[in-house]
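Remember, it's a predicted structure, so these values are computed and weren't measured experimentally.
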Amino acid sequence: MSLRKTLSLLFRKYPLFRLGLIIFTCAATIGIISFITRETQKSPEIISITPSVGSAGDIMSIHGLYFGDSRGTSGYVEVGGSRLTSGGYLNWSETEIRVILPTNVQDGLVIVGTKHGRSNPGFFANTADIPVQVPPDTQTSLPVIASISPASGSYGTLLSITGTNFGTIRNNGYIKFTANRDDATQATLTSQESSMDFDPQYIAANENNYDYEYWSDSEIRVRIPEGAASGPVSIITEKGTSNTLQVEINLPAGTKKYVARRTYLLQLAEDIENLDSKNPTSVTMRVPRPVVTAEQPMAELTECKPLPVIDDYRNTIIYQIELARTTNRKMRFTQNFVVSVYAVQTEINPARIRGYTEKDRMLYLSATQSDALIKSRDEKAIAKAKEIVGRETNPYRQAKKIYDYMLEHYDLQEKMQKQNNAPLSMLEKKQGDAYDFAVVYTTLLRALGIPALPVSGILVDADLKVQYHWWTEFYVEHFGWIPVDIVLAKGITYKAFKQPENPPSFYFGNLDSQHIAFSRGWNEVKPALTNSKIVQRPKSYAFQSLWEESSAGKVNYSTLWNTPVVLGIY
């Protein structure tokens, strides 16, 4: 008798057999369901976090198990008790999650959450919050300045400020000087500037010029910033504002004035369109911000749509966009700024300019080195610079000689040349566009050991039309940065609010308030994604290595970076 017939006979003849078989079948079914559930609905598990110590803007990689193939609607990462916003996720897979740490990231536990539960915790420490081995600061009183030495100096002079309650680290603290501006005593502001807490009477030391050299609870060493004038100096910390002491500012080589302030309402806009991407695509965009300098003391972001992942990281606004597969989607990103700009006027006695005595200073080192943009160690550039200046050793006169030489021997091409042209080819071709003139002039100065920065931004004409523009600043000790705009001196087509009588003479040492700067020097931006596709914009309104990047794989999308628009001027 076959097994099938035997089982059929037992099932019909014996009730207990039937009952046992039913119980066995139910138990087996429950077991199988439990097994499948355990295998498919496991809670996420964190194995490692990299980095475990970092800061805002860093890329964190979380490795583990059971994260799911995608974040979906219920997946999240929690750092220090706060969940990351949707724009902070760069990649999500079954075993790895990559995120950008937000500006307000705090120390604490790292948790991955999915619809199946919360993971075991990891731990992250913010570099800025790591304690140092110093006595606890229990004081709650205001900072107090006891002395400032020396009590006088020029731009770049190193001051030692002693006292109490400065704080063991600077954090958001800063040193406030009296400002050298034509409207400093009037303190007249537009409504836009008032809402930004801009005060023309004062100027802060600028960390972009490496003005802050040391900060402790009882001593601060800071350099007198560009744009300062004789008057009271104070310290502002989280506890409040200190008393003031006087500092006298003297520029032995001449005078420098900041006049004719203009305030611009500026809008940037970028468009992105997903054109039937074959794969889900992650796109990161880095939008440049206007820089803050002595002549451009306010550049405030007033509106940003949609909200970015980070609104200020290395002078860029970071967006992170996920483009879904086969979804034809158009998006626009806009950023509005209020930017105040002063014209710069200098009068210099070249005989009072001396050589550089602080060549180990960070400002000098950073502004004379060779980088991705300024090839100051190029042998042809060095030879050409030495040929032009001859035996001249005065850095101001050297800069003027190179300026005069380029005006006389190089032709300006107003039409922008191909983006991949090497600017130094201008040395042989004897012609170049506005970008080439600024880059080559800066390169020749650095080749002689003169600190110089290429400046990138926009030029606003009298009709509020905008064009990309580039110029240069070079530095002399005890006087500061001196602006030079060879292209305007050459006579590029441009409608100024007030045309100078002698442009070649004016634009060596002076600058009008129609220049808005987005970059001073090269901004090396690191990719946020692994093996990403990078988009560069070498002849645009900012010098930076990366403007956008997309995840690896076959993608199909387009972006349009619009020329900045001036919405109003005051």
Side-chain angles (χ1 to χ4, degrees), residues 355-356 359 362-390 392-413 416-457 468-476 481-490 492 504 507-509 511 515 517-524 536-545:
Y356 301 100
K359 293 186 177 182
M362 184 58 69
L363 181 148
Y364 182 89
L365 295 173
S366 65
T368 53
Q369 68 180 355
S370 181
D371 57 34
L373 178 65
I374 306 301
K375 309 296 185 181
S376 56
R377 300 278 68 84
D378 182 271
E379 292 183 0
K380 291 183 179 179
I382 295 173
K384 191 64 179 180
K386 290 181 177 179
E387 173 194 332
I388 295 172
V389 301
E392 182 61 67
T393 59
N394 182 301
Y396 180 86
R397 291 193 174 109
Q398 287 180 329
K400 185 62 163 59
K401 279 199 165 202
I402 294 175
Y403 174 81
D404 292 337
Y405 182 91
M406 292 185 68
L407 286 179
E408 181 179 354
H409 292 88
Y410 296 151
D411 294 327
L412 174 65
Q413 298 172 297
M416 228 16 97
Q417 303 304 297
K418 291 183 179 179
Q419 293 187 351
N420 58 359
N421 273 1
L424 287 183
S425 65
M426 179 178 173
L427 298 177
E428 298 177 357
K429 296 179 179 179
K430 305 295 184 181
Q431 61 182 7
D433 57 28
Y435 177 93
D436 298 331
F437 266 83
V439 171
V440 170
Y441 182 66
T442 306
T443 302
L444 294 176
L445 293 185
R446 286 195 190 182
L448 296 173
I450 299 174
L453 292 175
V455 186
S456 180
Y468 296 159
H469 195 62
W470 304 272
W471 61 101
T472 299
E473 297 177 2
F474 72 94
Y475 188 85
V476 294
W481 294 101
I482 299 173
V484 178
D485 194 328
I486 300 183
V487 171
L488 288 187
K490 288 285 287 185
I492 194 172
Y507 284 112
F508 185 86
L511 205 66
H515 294 64
F518 281 81
S519 296
R520 294 177 72 245
W522 179 249
N523 186 8
E524 184 68 34
Q536 297 175 323
R537 305 183 71 235
K539 290 190 175 183
S540 189
Y541 58 90
F543 294 125
Q544 63 185 46
S545 59

Practice task
Could you pull out the closest heavy-atom pair between P504 and Y403, with the gap in Å?
Solution key: O-OH, 2.6 Å
Fill in the blank from the handout: For Y356 and P395 the tightest heavy-atom approach is OH-CB, 3.5 Å
Problem - Step-by-step side-chain contact (heavy atoms from CB on, under 4.5 Å) determination, S456 to Y468 - result: CA-CA 8 Å; S456 180; Y468 296 159; over 6 Å; no
Practice task
Answer yes or no: does atom CD of E379 have more than 12 heavy-atom neighbours from other residues, nucleotides or ligands under 6.0 Å?
Solution key: no
Handout entry: Gap between atom OH of Y410 and atom OH of Y405 - 0.5 Å precision
Key = 4.5 Å
Handout entry: Minimum heavy-atom distance between V440 and P423, given as atom pair plus value
Key = CG2-O, 3.3 Å
Practice task
Could you tell me the separation between the CG atom of L427 and the NZ atom of K384, rounded to the nearest 0.5 Å?
Solution key: 7.0 Å
Problem - Exercise: identify the closest heavy-atom pair between S366 and Q369 - result: O-CG, 3.5 Å
Handout entry: Closest heavy-atom pair and its distance - A434, V487
Key = CA-CG2, 3.5 Å
Practice task
In sequence, state the C-alpha distance, the side-chain angles, and the governing distance for F437 and W471, and then conclude on side-chain contact (heavy atoms from CB on, under 4.5 Å).
Solution key: CA-CA 8 Å; F437 266 83; W471 61 101; over 6 Å; no
Fill in the blank from the handout: Rounding to 0.5 Å, atoms CD1 (I382) and CZ (R377) come to a distance of 4.5 Å
Problem - Between F474 and F508, ring centroids under 6.0 Å - result: yes
Problem - Check: K490 side chain, L407 main-chain N or O, donor-acceptor pair, under 3.5 Å - result: yes
Completion exercise
When every non-hydrogen atom of Q431 is compared with those of M426, the smallest separation belongs to O-CG, 3.4 Å
Exercise for the section: Step through it carefully: locate the ring centre of W470, locate the ring centre of Y435, and say whether they are under 6.0 Å apart. Expected result: yes
Exercise for the section: Would you please test T442 and L453 for side-chain contact (heavy atoms from CB on, under 4.5 Å) and show each step? Expected result: CA-CA 6 Å; T442 306; L453 292 175; 5.7 Å; no
Practice task
Output yes when a side-chain donor or acceptor of Y441 lies under 3.5 Å from a complementary backbone atom of A399, and no otherwise.
Solution key: yes
Problem - Under-4.0 Å salt bridge between R520 and E473 - result: yes
Fill in the blank from the handout: Separation between CD1 (I402) and CZ (R397), nearest 0.5 Å, reads 15.0 Å
Practice task
Output the distance between atom NZ (K401) and atom CG (L444), rounded to the nearest 0.5 Å.
Solution key: 14.0 Å
Problem - Donor-acceptor pair, side chain of Q398 and main chain of L445, under 3.5 angstrom - result: no
Practice task
Please report the C-alpha distance between K430 and D411 in whole Å, then the side-chain angles of each, then the deciding distance to 0.1 Å, and finally whether the side-chain contact (heavy atoms from CB on, under 4.5 Å) criterion is met.
Solution key: CA-CA 6 Å; K430 305 295 184 181; D411 294 327; 5.8 Å; no
Practice task
Name the orientation class of the two ring planes belonging to H469 and H515 (parallel below 30°, tilted from 30 to 60°, perpendicular beyond 60°).
Solution key: perpendicular
Exercise for the section: Taking the side chain as every heavy atom from C-beta outward, state whether D378 and T443 have any pair of such atoms under 4.5 Å apart. Expected result: no
Problem - Under-4.0 Å salt bridge between D371 and R446 - result: yes
Exercise for the section: Working to the nearest 0.5 Å, report the span between OG1 of T472 and CD1 of I482. Expected result: 12.5 Å
